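Here the structure comes first, spelled out in structure tokens, and everything after it is commentary.
Letters A, B, ... mirror the listed sequences (proteins, then strands); counts begin at 1. When reading the values below, keep in mind they use all heavy atoms of this one structure, side chains included, and skip hydrogens, waters and symmetry mates. All of these numbers come straight from a predicted model, not from anything done at the bench.
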Amino acid sequence: MEYNFIEIEKKWQNNWKASKAYQVSNDSSKPPFYVLDMFPYPSGAGLHVGHPLGYIASDIYSRYKRLKGFNVLHPMGFDSFGLPAEQYAIETGQHPAATTQKNIATFKDQLDKIGFCYDWSREIRTSEPDYYRWTQWIFLQLFKSWFNPQSNKAESIQTLIQQFETSGGDDFSAEDWKSFSKNKQQDILMQHRLAFSAFGEVNWCEALGTVLANDEVVNGVSERGGHPVIKKKMRQWYLRITDYADRLLEGLNTVDFSDSMKEMQRNWIGKSEGCEMDFEVPNQTGNNDAFKIKVYTTRPDTIFGVDFLVLAPEHDLVNQITTEAQRGSINEYLTYVKSRSDRERMAEVKQITGCFTGAFAINPFNGKQIPIWIAEYVLAGYGTGAIMAVPCGDQRDFLFAQHFEIPITNIIGNHFDGTQANPTKDATLQASDFLNGLLMKNAIKVAIEKIESLGIGKRKVNFKMRDAGFSRQRYWGEPFPIRWEDGIAIASEETQLPLELPHVEKYGPGPEGEGPLANIESWKNEKFETSTMPGYAGSSWYFLRYMDPTNSSTFCDKKVSDYWGQVNVYIGGTEHAVGHLLYSRMWTKVLFDLGYIGFDEPFKRLVNQGMIQGSSRFVYRIKGTNEFVSFGLKDNYETDELHVDVNFVDGIELNTAAFSNWKPDYANARFILEEGKYLCGVEVEKMSKSKFNTVNPDDLVLKYGADTFRMYEMFLGPIEQSKPWDTKGIEGVHRFLRKLWRLFNDDVKGKVWNEENATDAELKILHRTIKKIESDTENFSYNTAVSAFMVCVNELSDLKCHKKTILENLLILLMPYAPHISEELWHQLGHATSILDAAYPKFEASYLVESSKSYPISINGKLRTNIEISLAAEQSEVEQIVLSNEVVQKWLEGNAPKKIIFVKGKMVNVVV
RNA sequence: GCCCAUGUGGCGGAAUUGGUAGACGCAGCAGACUCAAAAUCUGCCAUUCGCAAGGGUGUGAAGGUUCGAUUCCUUUCGUGGGCACCA
């Protein structure tokens, strides 16, 4: 009987489906365990081999936990709002709802073939009204809440109103508050709401009449059409995530994420401590009102080394302080900056740009006049948008000063050599008045105290993180349940939700860059907000909905979320390190503060999967011809590099016949070969349809079966590591499964397994495997687990062990990895119930006890021989054995050893 | 530019806390079985010197700590991911 994986996999997939084997109840005596995948965006390209990497890992873990006696929640759904579907709609006229529907069907079909244990009865789609009704509801909670710094948590906006009514606010009294107009009151409240509206900059493309995503902007022009793109201020919604900055930092101490992941989040939040300080700018028009420029610095200790101030080009005061003489150049510079993205502005430090405003500020400590410049390396969004530049202590300031020939003041003596800045805090200050003689790091505190006592500034904690933009001028997203009346945002009634996305025929932008919803008359008449929510809205809370997916009275019953609790293990790519993970952490904290859930961190443990990259192949067409030249000869010609479908290439050798048949253009292609072959160029890059480097899992499942595919993906390498896909090697895993099969069945003789008693040697193999698989599975070290299965089956085959007592335990260990073949063989062994709920084998250490070990013997750290020594032997005994050894004596050359290092159970090193 | 990760045979990778570098698999080579092929099985497989025994070198590069470094430290180069409107 042969291993017919096609039949076996179909049989058990149908069987599990019919018996609802993967349906999970919210009511169980077993302890709960929640294993979650980052749900996919259902792109039109379908699933490629990169997607299942994390899904297989989580599937293995879920199945393993189920064997260990847990009630495992393992759901899947779709993040189905998003830009690509809309772009596709603009190009083809097909409604995003229709294409999304179709793409999801394809995804589900592909996922099912791999044999995942998802409870599909809990599937969610963020673009369904039943789902986004609750996204809108949570948005309203954010809108109706503020962050109370006293209680350090979100509270109803009503408590703030009460506070204003009884004791007023920062700069107004209770009486003032009551006298304010309704609009003014609402404006003030808006400055505290967790979801708020304000003006912010967007990428605006005049030619296309629309706002563009950063992705759609390439080198400062639109990807479509290559039109210029500038910054434009528009009214936008934001989430006040900065109020949660400290709690987002603290929360990292309570979760099990990798250190690098925590580091990335900490850096993103970017907490820094320093101070704000005012620099006066005498008003040149003779008015006595001087301007004040507020700078933020983390290095107030360097105050006597300030040689110039730099403002962000967008800074409010730029226009007012610029002198007439400089106005022309400043305007020119502003135009240049408008065309540059933040990224470009920070990245190209080699190219130093800036412009002098003509104005001078006064250093409050020594009265020195310092020139004020504007430069693109200062960003308006961070700090106060103005910095004090200290060239001797900051390399960027140093290069700027050098480039524009601004004289440099040295405040650290010979710690500064005039050729580069010294950014350390370990130098002793000189020429710094009251700070003279202090170490810089100690001077920071002294300087801040002085600044505060002089009343020219104050201590200030700053965050790099900015409030999160929450508006998109798009169609395919959640509508805001907000109407605008006389400039006041009015929340929809919660009972009126969902506010359904209206059907449109055209997806073009509305007037003035508004979203497509602005083109719908009824929508405008109702005064509804015309932008929609961003992609991360739906994904910020979906893990809660899986717990209680069909509840129509609340987003998730508190009793249910209390039962499941936090996601125990969350698996997904590092590309979400900062965006999605921070947003969902914030939403969870808000829902916790408001009492809707009982935990304030969503994910207890995070496992990052690496990205599977594509390995692209290139051919080289000689310019203006239909002739293709092999890789090694391409430098002799002028060529165009073209992606070629990786499926036409064996290694790097092109199948020229298949290539010619690929596209009509290539039908008459001619080839210049090297050594009779056409060789392709190779590059590792993102797996993408447009690069023709995608590999479809369906083909592999068809050819080798789902079990082989699952194990091969895990065998590729550590789960968290990125690696290019290579199908070579899958044969080895397939051979392993066939070898396993032959322990039970012979192709000719049929059944070969028996009920004999196991020998010690066989039990040793089994228990070593149990131990290894259990710890590897817990640690997500699946590549070594697969290897351990191979070793086990190799050894059992060598011993000709066909014993049921050994094999049935092996099957349970293997089930999470290769469920179909395990279930089939399990039943062949005579079991009537499913292997899905078998009991995990228990490891017995007694089978592995050894009495002696072959110790490696090194001379001066170099391995020279091995000696079998009892594990009970102590140092003196071991020394005796080692020194009498022939090989050791040869290396000693008659000398006595200096030292003998003996690590029990490990090794011996003789130092000569 | 900044942040994070990463670099080991022809290839994917393994190596517990600093303790035998190259497990397992792919590819390759030689052989067995076969009319033949597939499948399967056996052996070899970092590099270099050597008939062999045995020795030298070797974990991106250069230094350092240590009896001992793929592992720890410093410097440096390459590659991948992220950088706020892709998801």
Side-chain angles (χ1 to χ4, degrees), chain A residues 2 38-41 43 79 81-84 87 202-203 211-217 236 258-261 263-268 270 342-350 377 381 396 464-474 534-536 539 573-580 582 608 610-611 613 651 684-686 712 715-718 720-724 726-733 735-736 738-739 742 747 775 781 783-784 786-791 794 797 854-866 897-901 903 905-912:
Chain A
E2 277 184 51
M38 288 185 187
F39 62 167
Y41 174 79
S43 84
D79 189 11
F81 271 135
L83 191 55
Q87 279 170 330
V202 293
N203 299 315
V211 174
L212 296 177
N214 287 343
D215 248 31
E216 300 172 289
V217 183
Q236 306 267 54
S258 70
D259 287 340
S260 58
M261 177 63 52
E263 194 64 19
M264 273 190 263
Q265 294 209 359
R266 286 194 190 104
N267 290 336
W268 179 266
D342 280 7
R343 180 95 52 89
E344 290 169 324
R345 286 170 59 174
M346 287 185 294
E348 296 167 22
V349 291
K350 282 180 192 125
Y377 78 85
R396 215 163 30 172
K464 245 186 221 132
M465 183 168 68
R466 306 197 289 266
D467 283 328
F470 202 65
S471 287
R472 301 292 181 266
Q473 285 66 37
R474 301 285 175 183
Y536 67 81
S539 61
T574 40
E575 65 269 26
H576 299 286
V578 284
H580 161 64
L582 279 175
N608 285 119
M611 183 173 281
Q613 293 144 330
V684 171
E685 47 189 359
K686 259 191 182 171
Y712 182 57
F715 190 52
L716 279 176
E720 69 275 9
Q721 198 166 298
S722 291
K723 54 231 153 192
D726 187 356
T727 304
K728 272 188 180 160
I730 195 169
E731 295 274 359
V733 176
R735 263 175 227 153
F736 154 74
R738 284 211 306 261
K739 196 164 181 178
R742 286 199 302 273
D747 287 359
S775 73
S781 179
N783 57 329
T784 52
V786 173
S787 155
F789 280 123
M790 289 173 170
V791 171
N794 287 346
S797 297
S854 172
Y855 274 93
I857 313 298
S858 301
I859 314 288
N860 287 336
K862 272 199 192 301
L863 177 74
R864 295 301 177 185
T865 187
N866 284 283
K898 259 191 199 157
K899 201 168 161 190
I900 296 178
I901 289 149
V903 183
K906 290 262 169 133
M907 46 65 70
V908 181
N909 187 17
V910 181
V911 185
V912 182

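Between B/rU57 and A/Lys862, a contact under 4.0 Å exists linking OP1 or OP2 to a side-chain N or O. Using a 4.0 Å cut-off, some side-chain N or O of A/Arg738 falls inside it from OP1 or OP2 of B/rU40. For B/rA39, neither phosphate oxygen OP1 nor OP2 lies less than 4.0 angstrom from any side-chain nitrogen or oxygen of A/Arg742. Of the side-chain N and O atoms in A/Arg472, one or more sit less than 4.0 angstrom from OP1 or OP2 of B/rC85.
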Q | Nucleic acid footprint by protein, nucleotides 20-25 of chain B - heavy-atom cut-off 4.0 Å, B for base, S for sugar-phosphate alone | A | B--BBS

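When the P atom is used for both B/rC44 and B/rC24, the distance is 12 Å, rounded to whole Å. B/rC11 and B/rA23 have their P atoms separated by 15 Å, with the value rounded to a whole Å. Atom P of B/rG12 sits at a distance of 31 Å from the matching atom of B/rG50, rounded to the whole Å. Between the C1' atoms of B/rU8 and B/rA21, the separation comes to 8 Å (whole Å). Look at the P atom in both B/rG19 and B/rC3: the space between them is 31 Å, to the nearest Å. To the nearest whole angstrom, the two C1' atoms, one in B/rU66 and one in B/rG81, are 36 Å apart. Straight-line distance between the P atoms of B/rG78 and B/rG60: roughly 16 Å, to the nearest whole Å.
Closest-nucleotide positions on RNA chain B for A/Gln721 and A/Val911 were compared, and the one nearer the 5' end corresponds to A/Gln721. For the pair A/Lys464 and A/Phe81, both in contact range of RNA chain B, the more 5′-proximal nearest nucleotide belongs to A/Lys464.
As rounded to whole Å, 15 Å separates atom P of B/rA84 from atom CG of A/Leu83. The interatomic distance linking A/Lys728 (NZ) with B/rG10 (C1') rounds to 10 Å, in whole Å. Between A/Gln265 atom CD and B/rG81 atom C1' the separation is 15 Å, expressed in whole Å. Regarding A/Asn267, its CG atom lies at a distance of 17 Å from the P atom of B/rG1, rounded to whole Å. If you measure from atom CZ of A/Phe470 to atom C1' of B/rA87, you get 15 Å, rounded to the nearest angstrom. Following rounding to the nearest Å, A/Tyr855 (OH) and B/rG19 (C1') show an atom-to-atom distance of 12 Å. A straight line from CH2 of A/Trp268 to C1' of B/rG82 spans 8 Å, rounded to a whole angstrom.
A/Arg266 comes within contact range of no nucleotide atom at all, as no heavy-atom separation falls under 4.0 Å. Nucleic acid contact class of A/Ser539 (heavy atoms, under 4.0 Å, all strands): none. Heavy atoms of A/Lys898 sit nowhere under 4.0 angstrom from any nucleic acid atom. Across all strands, A/Met38 comes closer than 4.0 Å to no nucleic acid atom at all (heavy-atom distances).
A donor-acceptor pair is defined here as one N or O able to donate and one able to accept, closer than 3.5 Å; no such pair exists between the side chain of A/Tyr855 and the backbone of A/Asn866.
Base pairing of B/rC35 is not made with any nucleotide, judged by Watson-Crick or G-U wobble geometry with both donor-acceptor distances under 3.5 Å.
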Give every pair of a protein N or O atom and an N or O atom of nucleotides 75-80 of chain B that lie under 3.5 Å apart, one pair per line with the distance.
{"unit_1": "B/rG80", "atom_1": "O2'", "unit_2": "A/Gln613", "atom_2": "NE2", "d": "2.9"}

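Here A/Tyr712 pairs with A/Trp725 under the ring-ring contact (aromatic ring centres under 6.0 Å, His included) rule; sequence neighbours left out. With sequence neighbours excluded, the residues forming a salt bridge (charged side-chain N to carboxylate O under 4.0 Å, His left out) with A/Glu263 are A/Arg266, listed by chain and number. Contacts of A/Arg474 classified as salt bridge (charged side-chain N to carboxylate O under 4.0 Å, His left out), with partners at least two apart in sequence or in another chain: A/Glu216. Residues forming a ring-ring contact (aromatic ring centres under 6.0 Å, His included) with A/Phe789 (at least two apart in sequence, or on another chain): A/Tyr817.
Applying the 90° cutoff around 0 to the glycosidic angle, B/rG63 is assigned anti.
For the pair A/Arg742 and A/Ser797, the minimum side-chain heavy-atom distance is 4.5 Å or more.
Between the base of B/rC67 and the side chain of A/Asn909 there is a donor-acceptor pair shorter than 3.5 Å. For B/rC85, the base has a donor-acceptor partner in the side chain of A/Gln473 [N/O atoms by modelled type, under 3.5 angstrom].
A donor atom on one side chain and an acceptor atom on the other are found under 3.5 Å apart for A/Asn794 and A/Lys739.
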